[in-house]
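Remarks on the structure that follows.
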Amino acid sequence: VKTIRVKTKPPYTVVIGEGALGKLPSVLRNVSPSKVVIVSSPRVRKHWGTELERVLRATRMPSYWIEVPDGEQHKTLRTVEAITRSMARAGADRRSVVIAFGGGVVGDMAGFAAATFMRGISLIQLPTTLLGQVDASVGGKTGVDLPEGKNLLGAFHQPKAVIVDLRFLSTLPSRQFRAGLFEVLKCGFIADRSLLGYCERHREEILRCEPDALLSIVSSALQVKAKIVAADERESGQRRILNFGHTIGHAIEAATRYRSLLHGEAVAWGIIAAAEIGANVGVTRPDHAERIVEAVMAFGPLPPVTAKPREVLSRMKADKKNVYGIPHFVLVPEVGSAKVVKGVDPRIVRAAVEGICQA
Ligand SMILES: NC(=O)c1ccc[n+]([C@@H]2O[C@H](COP(=O)([O-])OP(=O)(O)OC[C@H]3O[C@@H](n4cnc5c(N)ncnc54)[C@H](O)[C@@H]3O)[C@@H](O)[C@H]2O)c1
Ligand SMILES: [Zn+2]
């Protein structure tokens, strides 16, 4: 088991390993809650609910399950209202703790419920997908979607602790697992050359989910995220580099109506396009752009982007991360480093988007 300290204000610990769940009792003793509220989905509860209950029973703390339906389409204020009303009926109070037990969808909603219930109560993230483990559970972003756009409503609310039990990944569908790997690779591209080298050399072990390989890549990716988040809690500067591949990735998700590609897969295409853009504006070393594209492809195949380039480009203009309507691109000069670039020639962007669209 490895631990990483996230030095936000206040700081918290991420525990990573096979069986990290065993650390939950001591985390809970520190929080000393009046009641434990577990927010989860039916699928996660089916696979791992008994295991969590066994660990909780030993603490003798009163606990209560709230199940929310699976899927991004349920990441809404309506579901958060249902969660918080259920908490109120169960007698949750200011000293209760919410455990977010599921993928990023559950994590974002349970986190938002914890951020807002009685103006904010304690939260523990217990992520069960690779994306949740390396990305969504750390950094304090919580929230829901609106019909007008993804993640438009939310709050920053740092957890008391994050427990990353790698055993949970054993029941994850392989496509979900690979989608998470692209966020791991992203961390390598922007900030950790040795993580990238490890992924290139140990592709087989990673895809077979061998414990040593998982521990290595998940803890390295979390180290990158923890460091960047602590340096820029509210995303005013450096934290934006975590959006490498996301400007175009988000536009692809929107243009394909969130149906044919998983988030990580759309980001993978976005990374390929960003490497191409970087090389063409003279920011990314050409050999490094090639290495980025090859590393992404090695963890494919990716479903095709069945949207028109025009559609993707117009979605990009509507991105909430734009400043005065001008898209900013995160580009990688050399693997292991990143910077935010504005004023990229729209023709270069269009060519890169045309290069990845297959409609
Ligand atoms: N807050 C953040 O900083 C942040 C960062 C990245 C992504 N996100 C959000 O995360 C969400 C995506 O998260 P996701 O990719 O985890 O998707 P998800 O939460 O929808 O989970 C994917 C699927 O895997 C299932 N599942 C979860 N754990 C499982 C397990 N151990 N075994 C078997 N099946 C399991 C779920 O039931 C679901 O069907 C998006 O809403 C995105 O906006 C948030
Ligand atoms: Zn992402």
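Ligands are counted one by one from 1 in listed order, and the atoms in each one are counted from 1 as well.
Considering only non-hydrogen protein atoms, atom 40 (C) of ligand 1 sits nearest to E72 OE1, 3.2 Å. At the shortest separation from atom 18 (P) of ligand 1 among protein heavy atoms lies V105 CG2, 3.9 Å. When only non-hydrogen protein atoms are considered, atom 6 (C) of ligand 1 lies nearest to D135 OD2, 3.5 Å. Protein heavy atom at the shortest distance from atom 15 (O) of ligand 1 is L131 CD2, 3.2 Å. For atom 17 (O) of ligand 1, the nearest non-hydrogen atom of the protein is G104 N, 4.2 Å. With hydrogens left out, the protein atom closest to atom 28 (N) of ligand 1 is T128 OG1, 2.7 Å, a heavy atom. In terms of protein heavy-atom proximity, atom 29 (C) of ligand 1 is nearest to L172 CD1, 3.7 Å.
With a cut-off of 2.8 Å, the protein N/O/S atoms near the Zn ion (ligand 2) add up to 3.
At a 4.0 Å cut-off, not a single heavy atom of E183 sits close enough to ligand 1 to count as contact. Put simply, part of S41 is less than 4.0 Å from ligand 1, judged by heavy atoms.
Annotation: Q176 places no N or O atom under 3.5 Å from an N or O atom of ligand 1; distance criterion only. At a 3.5 angstrom cut-off on N or O pairs, T171 counts as close to ligand 1.
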